[in-house]
Each structure stands twice: as structure tokens, then as C-alpha cells.
Amino acid sequence: MKKAGDYLLPICKVLGYLGVYLAANVISVVACTVIMIFVTHSIDIYAGQEEVTSQLMKQAAFMTFVGNTLFVAAIILFAAIRKCSFKKEFYINAVPGKKIILILLLGIALNFFVSNFMHILELSWPAFSRSMETYEQKAALISESPFIVSLLLSVVSAPITEELLLRCCIFTTLNKAYPAVLSVILTSVIFGLLHGNLIWSTYAAVFGIVLNVLFIRFNSLIASISMHFAFNIIGSCVPTTFDVSFPVQIIFTILLGIISAALFIIVMKKNLKSEIQPANA
């Protein structure tokens, strides 16, 4: 029978991981701000609070990228100090090539589905439309950064960092003490909360469930990173909504939902003869 400490210790570890992640981002913001003020002189501290804030926001993507890099470096260093096997510690298990392709397609389809579903809500629900304005304002902050920085953050840094934190560190820690379903829900809620805005938080939490299920299915961070990468790159580089009539929009979104569901079922289907068994299952 498990003791109370067996349930509290994983929570403490999760808080520790989140603490390291937040500390890395705080260090990044402070360091970048100091450099911009005293080294590059790209920020004039006498220009007024609004102007200084505007200048800092334009560097939001770069500061987040640096913070993510610091977090990943800290986790790798910690594993190296403990002399862990990187392959086992970070769940770098092989995923069949055909499955990777299907996972990428699933990520693309899901992005189109989510974008168009939110567009329908925006058109038909005034309250949601107002929330979308806030969402778009925050998204615009990232777009103000240089395109290459925003792209690297969205398609490289964010998928690797967030999957390392959420799936590799937090989910696996919780799953050692709590049922898998509860661990998935808690991890997904944390994933959503890290995205701040209500809309981002909501669909990130739902997306987090899919990423967790993929991680469990393949016992591999490669699977969830691939999905995360595909989802983000479409959102960063390709228009995902179209100027069509409302009925057509609904039909198109339903089709996208069906395609996403079909791809998910195919991805989750096991082929015991051809798939490589996880090394640390």
C-alpha cells in the first residue's frame, strides 16, 4: 500500500521541473533586457513605460527561445551529472517511418480543424469573438519579432522544450504514482495553463491530451515532438482559414474533423509484426 509520501513526492518533483522552466525564462528576460539597455542600447529607458514595454515585446520570441534553450541545457546537464542513459532518460525510442509520416499528417489536419472550428465560434458567438481579439493581440506580439526567430521558436524550440518538460519530465513523474488517465489530465491542464490566454490554454490542454496519448502509445518523445512540430509549422507558415460562406465553413470543418479522427485511429493502430518494440517499455 502506498504512503502519503508516495503521492506527494511526484507533485514536488513536478513543481521542481516547473520551477526550473520558469527560472530559465526569468533569467532570459532579465539578461536580454540588461543587454538591450546597457550593451546594444536598443531600448531607451527614458522613452516612457509604454515605449519600453513595446520594445521588449518585440523581443518576446527571442527571449522565450533563449529561456527554452536554458531549460533544455539544464535538464541535459542534470541527466549527465547523474550519468543517465540519454536514450532512456529522454525516451528517444524509434518510431516506424510510416507512423512518423501519419503523425505529421495528423498534426497538420488537427491544426486546420482547430483553426476552422475556432473561426466558426468567432463568427457565431460574440463572446468568443471578443476573446479572439485578445488572442490575436498576443499572437501579434510574436509576429513582431524577426520571422526567423519566431519560426525557430514555434517549430523547433517550443516542440522540443514543451515535450521534454510536459511529456518526458512531468507526465512520466506523475504516472509513477497516479493512474495514467489522471496523469494525462493533469499534464494537459499544466500544458494549457502555460499558454496563458484562455483560448490558447483551452485548445492547448485538448492538444496536450492527444500528445500524451501519442507518447504513451509509442513510449517515445520523437512521436509527440513530431506531432507538435507539424501542428506548429502549419500555424506559422500556412493560412488555415478561408473566406467562404458559413455553411461551407461548417462542412469543411466537419470533414477536417473526420480526417483528423481517421488519421488518429490509424496512428494508434498497432502492427506487432512490423513495429519496433520500445527499448525502455
Side-chain angles (χ1 to χ4, degrees), residues 1-30 64-95 157-198 200-229 268 277-281:
M1 184 176 179
K2 289 186 177 181
K3 300 178 181 178
D6 297 326
Y7 294 101
L8 291 176
L9 183 59
I11 298 297
C12 293
K13 287 183 177 180
V14 166
L15 292 175
Y17 286 127
L18 290 172
V20 173
Y21 176 75
L22 294 175
N25 279 275
V26 170
I27 291 171
S28 171
V29 171
V30 172
T64 303
F65 181 86
V66 173
N68 286 350
T69 303
L70 289 175
F71 171 76
V72 173
I75 295 299
I76 292 175
L77 178 61
F78 183 58
I81 291 173
R82 293 187 294 130
K83 297 181 179 180
C84 298
S85 165
F86 281 14
K87 183 176 180 180
K88 290 185 177 181
E89 184 75 6
F90 302 124
Y91 294 81
I92 307 175
N93 297 316
V95 179
S157 178
I160 292 174
T161 305
E162 292 174 1
E163 292 312 303
L164 180 62
L165 171 64
L166 276 300
R167 254 53 67 181
C168 183
C169 295
I170 293 179
F171 171 73
T172 56
T173 298
L174 290 173
N175 199 37
K176 291 175 182 177
Y178 299 94
V181 173
L182 180 58
S183 300
V184 166
I185 293 172
L186 290 174
T187 305
S188 300
V189 169
I190 293 171
F191 183 50
L193 292 175
L194 288 176
H195 286 75
N197 177 270
L198 178 61
W200 263 340
S201 296
T202 302
Y203 82 68
V206 176
F207 185 47
I209 293 175
V210 178
L211 291 169
N212 270 308
V213 171
L214 270 180
F215 178 75
I216 295 170
R217 162 67 179 84
F218 294 99
N219 195 38
S220 174
L221 208 60
I222 294 173
S224 58
I225 288 176
S226 298
M227 172 80 157
H228 205 146
F229 162 81
M268 295 302 294
Q277 296 301 310
N280 54 350

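This structure is a prediction, so every number in the text was calculated from the model and none was measured.
A donor-acceptor pair is defined here as one N or O able to donate and one able to accept, closer than 3.5 Å; such a pair exists between the side chain of Thr187 and the backbone of Ser183. Listed for the Tyr7 side chain is no donor-acceptor partner under 3.5 Å among the backbone atoms of Ala177.
Here the CG atom belonging to Leu174 is positioned 7.5 Å from the CG atom belonging to Leu182, to the nearest 0.5 angstrom. A distance of 4.0 Å separates CG in Leu77 from CD1 in Ile81, rounded to the nearest 0.5 Å. Atoms CZ and CG, on Arg167 and Asn175 in that order, are 13.0 Å from each other to the nearest 0.5 Å. Of the inter-residue distances, the one linking Phe90 atom CZ with Ser220 atom OG reads 13.5 Å to the nearest 0.5 angstrom. For the atom pair CZ of Phe78 and SG of Cys84, the computed distance is 7.5 Å after rounding to the nearest 0.5 Å. Lys176 NZ to Leu9 CG: the interatomic distance, rounded to the nearest 0.5 Å, is 9.5 Å.
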Does Asn212 form a side chain to side chain contact (heavy atoms under 4.5 Å, CB included) with Phe191? I'd like the steps, not just the answer. CA-CA 11 Å; Asn212 270 308; Phe191 183 50; over 6 Å; no
Side chain to side chain contact (heavy atoms under 4.5 Å, CB included) assessment of Tyr17 paired with Ile75: CA-CA 9 Å; Tyr17 286 127; Ile75 295 299; 4.2 Å; yes
Stepwise side chain to side chain contact (heavy atoms under 4.5 Å, CB included) check, Leu221 with Ile92: CA-CA 6 Å; Leu221 208 60; Ile92 307 175; 5.7 Å; no
Could you go through the side chain to side chain contact (heavy atoms under 4.5 Å, CB included) check for Tyr91 and Asn219 one step at a time? CA-CA 7 Å; Tyr91 294 81; Asn219 195 38; 3.5 Å; yes
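In this structure the side chain of Asn93 reaches within 4.5 angstrom of the side chain of Lys87, judged on heavy atoms. Contact check for Val66 versus Asn25: no side-chain heavy atoms found under the 4.5 Å cut-off. Side-chain contact check for Val184 versus Ile216: some heavy-atom pair is nearer than 4.5 Å. With a 4.5 Å cut-off on side-chain heavy atoms, Phe215 and Leu166 do not count as touching. No side-chain heavy atom of Ile185 sits under 4.5 Å from any side-chain heavy atom of Tyr178. At least one side-chain heavy atom of Leu165 sits under 4.5 Å from a side-chain heavy atom of Leu194.
The heavy-atom pair separating Gly208 from Ser188 by the smallest distance is C-OG, 3.3 Å. For the residue pair Ser201 and His195, the shortest heavy atom distance occurs at OG-C, 4.1 Å. Closest approach of Asp6 to Pro10, counting heavy atoms only: O-CD, 3.1 Å. Nearest heavy-atom pair across Met268 and Arg217 is O-NE, 3.0 Å. Considering every non-hydrogen atom in both Phe65 and Ser157, the closest pair reads CD1-CB, 3.5 Å. Contact record, Glu89 with Cys168: O-SG, 3.2 Å, taken as the closest heavy-atom pair.
Between Tyr203 and Phe207, the ring center distance fails the sub-6.0 Å criterion.
Scanning for ring-ring contact (aromatic ring centres under 6.0 Å, His included) contacts around Phe229 gives an empty result, with sequence neighbours left out.
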